[in-house]
Structure formats: C-alpha cells, structure tokens
Enquirer: 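Quick one: the structure is below, questions incoming.
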2 protein chains.
Amino acid sequence: MPYTYEYARAALAVDCVVFGLDDEDLKVMLIERGQPPFKGRWALPGGFVRLDETLFEAARRELEEETGLKRVFLEQLYTFGDVKRDPRERVVSVAYYALCNLRDHKVQGATDASAAAWFGLHDLPSLAFDHDEILRTAVERIRGKVRYVPIGFELLPRKFTLTQLQKMYEKILDRQLDKRNFRKKVLGMGILEETDEVQQDVAHRAARLYRFDELAYKRLVKQGFNFEL
Amino acid sequence: MPYTYEYARAALAVDCVVFGLDDEDLKVMLIERGQPPFKGRWALPGGFVRLDETLFEAARRELEEETGLKRVFLEQLYTFGDVKRDPRERVVSVAYYALCNLRDHKVQGATDASAAAWFGLHDLPSLAFDHDEILRTAVERIRGKVRYVPIGFELLPRKFTLTQLQKMYEKILDRQLDKRNFRKKVLGMGILEETDEVQQDVAHRAARLYRFDELAYKRLVKQGFNFEL
DNA sequence: TTGCCACTGTGTCGTGAATACACTAACATT
DNA sequence: AATGTTAGTGTATTCACGACACAGTGGCAA
C-alpha cells in the first residue's frame with residue numbers, strides 16, 4: 001500500500017535515552033541491533049513515528065515495545081536532523097529522555113529478539129548512528145536540569161533515605177557533596193515528607209525513609225520558589 | 001515528479017520565533033499568511049524542510065527568505081508534533097528561536113507578497129496553527145536561558161551602554177532591577193570590555209559604551225564559571 | 001550665563017546563604 | 001562485650017544579595 005507525495009519526505013523517528021540508577025552508577029539502557037545497518041552494534045531504543053500518534057506517544061510506545069518500560073518520566077530532549085545521520089535515507093529523529101529506578105523496573109529482555117541491557121555511563125560502547133551524540137546531549141541536559149528541577153526523584157524508589165538521595169546527586173553531577181550541608185539544604189526546602197519507616201535489612205543503624213512531596217513542591221513553585229541544589 | 005513510500009509520512013517543517021529589541025518592548029516578528037489555511041492570520045515565519053539540508057539550515061533559509069534576516073543567533077527550541085496541529089495533513093514542526101537587534105536589522109518587507117511586522121509581546125494577535133503555543137514556549141525558554149547564559153547580548157548592538165543592557169534584562173524578565181546592584185554584578189563578572197567611546201546625540205550626559213567580551217566569557221566558562229544574573 | 005532637565009555613575013551596611021569541618025548515637029554482627 | 005558501619009547533628013566564617021540616595025555631567029532653553 002504505497003503512499004505518494006509531491007515532494008520527497010524524510011522519515012520521522014523517535015529515540016529514547018533511558019537513565020536508570022542503581023547502587024554503583026548512573027546507567028543507560030541500550031539495545032543490540034538485530035538488523036542492518038549497524039547490525040550487532042548497540043543503539044538507543046527507538047523507532048518510526050506513526051501518523052496517528054503524537055511524538056510523545058510514539059516515544060512512549062517504542063519504549064514499551066523495546067524495553068518493557070511503562071509509566072516512566074519522559075520528556076523531549078532535542079531533534080537531530082543531519083542529512084547523513086542514517087546511511088539508508090534521510091531520517092529525522094526526535095530524541096526523548098526517560099528516568100526510572102532500576103529496582104522497580106528490572107531489565108526486561110526485549111520483546112523482539114534484540115537484547116536490551118544497562119550500561120554504566122563510564123563504561124559505554126560506541127553506538128550506532130549518531131546515538132553517541134544524542135546520549136551526550138541527554139547527559140548534559142539532566143546534569144543541567146537536575147540542579148533546579150526535582151526530576152531526580154524519578155530515579156529513586158518512592159521511599160528513599162537521604163543518603164540515597166545524596167548519592168544520586170553525586171552520581172549525576174559527578175562530584176562529592178557534604179553530608180550535613182546537603183541535608184540542611186534539602187530538608188530546608190520543605191519538599192520531603194518524613195515517613196515513620198526506616199530502612200530494612202541493613203547491617204547497621206537503619207536510616208529514616210522520606211518521600212518526595214509533589215504537592216508541597218507545586219505549592220512552592222506557585223509562590224515563586226526556586227528549587228536549586 | 002511524485003515520491004512514493006511504503007508507509008505514510010508526515011511533512012516536516014521548521015518555524016522560527018524571532019525576537020527583537022527596541023526602546024519600547026521585546027518584539028516578535030510575524031508574517032501575515034497569504035494562503036489558506038489561516039489566510040490573513042498572523043503566523044511565525046517558517047516552511048518545509050528540504051531533503052538536502054539540515055534542520056538548522058532549513059530554519060536559516062526560511063528566515064532569510066521570509067524576513068530578510070541573516071547571521072542572527074539561531075537555536076533549536078522544541079519540536080511540535082500534535083496530530084492535528086495542521087488542518088491539511090500531518091505536519092511536524094521543529095521550532096527555532098532567533099535573537100537580533102532591531103537597529104541593525106530593519107523590518108524587511110517580506111519577499112513573497114506576505115507582510116512581515118514586529119509585534120510587542122504585550123500586544124500580540126492570535127496566531128495561526130499552534131503558533132501561540134510555540135511562541136509561549138519560546139518566551140519561557142529565553143526567560144530561563146537569559147539568566148544563566150549570555151544570549152541576551154545578541155539583542156543589542158555591538159556596543160551598548162549599561163543602561164541599555166539593564167533595560168534589556170528588565171524587558172525579558174518583566175521586572176525592575178536595581179541599577180547599582182546590576183552594574184556591580186555585571187561588571188564583576190569580567191565579561192564586558194569598556195570602550196573609550198560614549199553615546200552620541202543624547203540630550204544629557206553621554207554614557208560609556210561597552211562591548212561583550214566573548215573570549216573572556218569562554219575562558220571563564222572553561223574554568224567552571226557561572227554566569228548568572 | 002544661568003538654570004534646568006535628564007540621565008550617569010558610585011558605596012555601604014545588614015541579612016541570609018553557602019561552605020568547611022568532626023564527633024557521637026544507633027543498630028547489627030561476631 | 002567489642003567491633004564495624006552508617007545515621008544524624010551544629011557552628012563559625014565567608015560571600016553574595018538586596019535595599020537604599022545623591023552628587024556629577026552635559027545639553028538645551030530661556
């Protein structure tokens with residue numbers, strides 16, 4: 001069933017940079033390509049946009065199809081449109097980035113014969129297409145964004161300790177933070193809700209668990225509040 | 001000369017939000033549409049992407065064709081891909097925003113029969129397509145960005161007074177700033193070069209002219225410097 | 001020439017935020 | 001009971017931000 005147009009048209013794709021956090025490192029999910037071009041190379045999950053879905057919907061769909069991830073934070077990153085970025089033909093790709101925590105969303109073997117795996121940011125293979133550049137752009141974006149918008153909470157389980165929160169910031173920003181100053185600051189913002197639970201199954205004093213209080217955050221933003229780590 | 005594809009394809013367009021600054025207000029350049037749909041309505045300059053040009057090149061080309069603007073600051077904003085954003089068919093638009101100063105770049109009557117004009121941000125007509133939304137997004141973007149990246153200088157002539165600089169920030173941020181604190185801060189950053197010239201043809205004491213020192217800025221950024229107004 | 005107008009250009013002080021820094025408390029394990 | 005491991009806490013110093021007012025300059029008009 002061919003489609004005909006008066007002018008040549010580019011193909012339109014979406015690609016997703018999925019960040020996940022575990023105890024060691026900030027990770028990215030990659031897919032091993034089962035088809036040429038770049039067969040056998042690692043690439044970002046993604047695919048072509050259908051005409052009856054928005055870009056956001058396409059990104060969400062591809063993410064679920066290729067990695068099994070649902071209901072994760074997903075936001076548009078940048079659109080990559082170099083003429084030769086795909087060797088087959090002109091493909092313009094709208095990149096998205098996603099954040100999720102590795103505990104809740106375990107490595108889903110991908111559905112369509114290709115392998116999916118998490119890679120630490122310091123241990124990446126070279127990627128297919130211009131996906132290295134897309135990934136670099138995504139890392140820059142979250143580094144910038146995490147400092148003044150609380151997107152980082154998407155990477156943690158719903159209840160977390162202050163140490164986990166601090167370690168997350170340290171991994172994203174790639175530098176050490178002072179414990180006391182960090183706690184003072186983050187508690188002072190009034191967007192963390194203290195639960196009456198503590199960590200389980202640790203071989204030392206258990207830390208208190210906190211929850212991100214989205215309502216308090218939104219209230220504060222409305223009053224002209226500035227989250228800034 | 002028709003082009004045929006196995007799957008249906010969206011058309012791909014670019015749209016540009018061009019900001020300009022004059023003595024009164026922050027302005028945006030709009031084009032009156034000469035063709036349906038939305039004939040007679042105001043819209044952002046833009047058009048379809050050719051297959052042999054990057055997105056950036058397409059934006060620059062359309063900008064020049066429709067408004068006569070060349071060599072202005074131009075940067076990708078966001079990609080708009082709602083299914084029904086164009087009533088004719090599926091069109092995905094990569095939006096760019098541009099900054100220029102109204103002195104150097106006078107209102108070029110548009111080349112192709114449609115009229116081009118500057119509109120103050122507080123005095124906008126309702127726009128064609130989803131261009132209201134694109135424009136809103138662009139305003140948010142420069143408000144956020146101008147505070148920690150010196151893009152604002154693109155809106156001024158190469159040599160400017162500190163008062164002009166301050167007024168620019170006041171118009172973009174839509175609030176008053178204190179003169180002494182502003183000067184202290186902006187001079188303290190060390191990215192302004194004092195010239196030995198002063199304003200001409202003013203009916204009062206002439207102010208000293210400054211120049212943005214891009215090299216100093218880049219040097220400072222490399223050392224981990226934080227421009228932040 | 002004098003006065004007036006419009007804008008330029010400058011310093012201080014108080015307050016709040018950011019940083020640097022080290023020890024005791026709690027709990028689990030042996 | 002002793003040990004190991006992390007949790008949890010306060011202070012002092014420095015730095016940045018914001019609030020605030022007036023004298024100086026130069027053109028212009030009377």
Side-chain angles (χ1 to χ4, degrees), chain A residues 21-24 146-148 150 156-157 159-171 173-211 220 223-229, chain B residues 21-24 146-148 150 156-157 159-171 173-211 220 223-229:
Chain A
L21 192 72
D22 68 5
D23 301 320
E24 301 117 50
V146 84
R147 290 182 46 231
Y148 59 94
L156 294 175
K159 294 172 187 172
F160 49 84
T161 68
L162 293 183
T163 301
Q164 284 180 297
L165 184 64
Q166 180 179 343
K167 293 233 172 304
M168 179 195 75
Y169 276 97
E170 291 179 344
K171 282 170 199 157
L173 300 177
D174 216 7
R175 66 189 166 93
Q176 300 281 106
L177 302 171
D178 179 83
K179 180 158 70 156
R180 279 170 293 187
N181 294 335
F182 180 83
R183 293 161 103 94
K184 203 191 314 174
K185 182 117 185 217
V186 81
L187 288 175
M189 290 196 267
I191 56 172
L192 292 187
E193 192 180 353
E194 188 175 318
T195 71
D196 50 7
E197 296 166 66
V198 294
Q199 260 181 331
Q200 298 299 320
D201 304 315
V202 286
H204 54 80
R205 175 175 175 185
R208 162 141 277 125
L209 293 173
Y210 290 81
R211 197 179 4 235
L220 287 169
Q223 294 168 22
F225 158 84
N226 194 14
F227 175 96
E228 176 150 349
L229 186 106
Chain B
L21 192 73
D22 69 5
D23 302 322
E24 301 118 50
V146 85
R147 290 182 47 233
Y148 60 96
L156 294 176
K159 294 172 187 174
F160 49 84
T161 68
L162 293 183
T163 301
Q164 283 179 298
L165 185 64
Q166 179 179 346
K167 291 232 173 304
M168 179 195 76
Y169 275 97
E170 290 178 344
K171 282 170 199 157
L173 300 176
D174 216 7
R175 67 191 165 90
Q176 300 281 106
L177 301 171
D178 178 83
K179 180 156 68 156
R180 280 168 294 184
N181 294 336
F182 180 83
R183 293 162 101 94
K184 201 193 316 174
K185 183 117 185 218
V186 81
L187 287 176
M189 290 195 267
I191 55 172
L192 292 186
E193 194 181 352
E194 188 174 318
T195 73
D196 48 6
E197 297 168 63
V198 295
Q199 261 180 330
Q200 299 297 321
D201 303 315
V202 286
H204 53 80
R205 173 177 176 186
R208 161 141 279 121
L209 293 174
Y210 290 81
R211 196 181 3 236
L220 287 169
Q223 295 166 22
F225 160 83
N226 193 14
F227 175 96
E228 174 150 352
L229 187 106

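So that the names make sense, note that chain A is the first sequence line, chain B the second, and so on, each numbered from 1. What you see below is based on every heavy atom in this structure, not just the backbone, and it leaves out hydrogens, waters and symmetry mates.
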Enquirer: Is there a side-chain contact (heavy atoms from CB on, under 4.5 Å) between A:Met189 and A:Asn226? Walk through the geometry before answering.
Expert: CA-CA 9 Å; A:Met189 290 196 267; A:Asn226 194 14; over 6 Å; no

Enquirer: Base, sugar-phosphate, or nothing for A:Arg183, non-hydrogen atoms under 4.0 angstrom?
Expert: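 Result for A:Arg183 = base.
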
Enquirer: Sub-3.5 Å donor-acceptor pair from the side chain of A:Glu193 to the main-chain atoms of A:Arg211, do we have one?
Expert: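 Flag not set: sc A:Glu193 to bb A:Arg211 has no pair under 3.5 Å.
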
Enquirer: Distance check needed: C:dT8 C1' versus B:Glu194 CD, whole Å only.
Expert: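 That distance rounds to 13 Å.
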
Enquirer: Mind checking if B:Thr161 touches a base, just sugar-phosphate, or nothing, with heavy atoms under 4.0 Å?
Expert: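 Nothing, no heavy atom under 4.0 Å.
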
Enquirer: What about A:Arg205, does its side chain sit under 3.5 Å from the base of D:dT6 through a donor-acceptor pair?
Expert: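 Answer no: no donor N or O sits under 3.5 Å from an acceptor.
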
Enquirer: For the side chain of B:His204, starting at C-beta, report the closest nucleotide among C:dC7, D:dG4, C:dA22.
Expert: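 Looking only at heavy atoms from C-beta outward on B:His204, the closest nucleotide is C:dC7.
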
Enquirer: Rounding to an integer number of Å, can you tell me how far A:Gln176 CD sits from C:dA20 P?
Expert: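 Going from CD in A:Gln176 over to P in C:dA20 covers 12 Å.
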
Enquirer: Indicate whether OP1 or OP2 belonging to C:dC7 is found under 4.0 Å from a side-chain N or O atom of B:Thr163.
Expert: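 No, because none of the side-chain N or O atoms of B:Thr163 sits under 4.0 Å from OP1 or OP2 of C:dC7.
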
Enquirer: Separation of B:Leu187 atom CG from C:dG9 atom P, in whole Å?
Expert: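 Atom-to-atom, B:Leu187 to C:dG9, this comes out as 10 Å.
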
Enquirer: Rounded to whole Å, how long is the line connecting atom CG of B:Leu165 with atom C1' of C:dC7?
Expert: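 That distance rounds to 17 Å.
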
Enquirer: Using a 4.0 Å heavy-atom cut-off across all strands, classify B:Lys185 as base, sugar-phosphate, or nothing.
Expert: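 B:Lys185: backbone/sugar contact only, no base atoms under 4.0 Å.
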
Enquirer: Expressed as a whole number of angstroms, how long is the span from B:Leu177:CG to D:dA19:P?
Expert: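 Taking CG of B:Leu177 and P of D:dA19, I get 11 Å after rounding.
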
Enquirer: Please determine whether side-chain contact (heavy atoms from CB on, under 4.5 Å) holds for the pair A:Thr163 and A:Arg183, giving the CA-CA distance in whole Å, both sets of side-chain angles, and the decisive distance to 0.1 Å.
Expert: CA-CA 9 Å; A:Thr163 301; A:Arg183 293 161 103 94; 3.9 Å; yes

Enquirer: Where the side chain of A:Arg180 is concerned, which of D:dG8, C:dT8, C:dA22 is the nearest nucleotide?
Expert: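 Closest nucleotide among those given: C:dA22.
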
Enquirer: Counting only side-chain heavy atoms from C-beta out, which of D:dG10, D:dT6, D:dG8 sits nearest to A:Arg208?
Expert: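 Of the candidates, D:dG8 comes closest.
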
Enquirer: Begin with the C-alpha distance, continue with both residues' side-chain angles, and end with the deciding distance and a verdict on side-chain contact (heavy atoms from CB on, under 4.5 Å) for A:Leu192 and A:Phe160.
Expert: CA-CA 10 Å; A:Leu192 292 187; A:Phe160 49 84; 3.9 Å; yes

Enquirer: Assign each of A:Lys184 and B:Glu228 to its nearest nucleotide of DNA chain D by heavy atoms, then name whichever residue's nucleotide is nearer the 5' end.
Expert: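 Result: A:Lys184.
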
Enquirer: Using whole Å, what does the distance between atom C1' of nucleotide C:dT19 and atom CG of A:Leu229 come to?
Expert: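 In whole Å, C:dT19 C1' and A:Leu229 CG are 13 Å from each other.
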
Enquirer: As a test of reading the structure: which of C:dG9, C:dA20, D:dC20 is closest to the side chain of B:Asp178, going by heavy atoms?
Expert: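 Ranking C:dG9, C:dA20, D:dC20 by closest atom to the B:Asp178 side chain puts D:dC20 first.
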
Enquirer: What integer distance in Å separates A:Phe182:CZ from D:dG10:P?
Expert: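 So the two atoms are 18 Å apart, to the nearest Å.
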
Enquirer: Take the protein atom CD of B:Gln200 and the nucleotide atom C1' of D:dG27, then report the distance between them rounded to whole Å.
Expert: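 To the nearest whole Å, that distance equals 13 Å.
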
Enquirer: Please tell me which of the listed nucleotides, D:dA7, C:dT8, D:dG18, lies nearest to the side chain of B:Asn181?
Expert: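 Per side-chain heavy atoms of B:Asn181, the pick is D:dG18.
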
Enquirer: Closer to the 5' end of DNA chain C via nearest nucleotide, is it B:Ala203 or B:Tyr210?
Expert: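 Going by which nucleotide is closer to the 5' end, it is B:Ala203.
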
Enquirer: Could you give the distance from CD (A:Gln176) to CD (A:Gln166), rounded to the nearest 0.5 Å?
Expert: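 A:Gln176 atom CD to A:Gln166 atom CD measures 8.5 Å (nearest 0.5 Å).
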
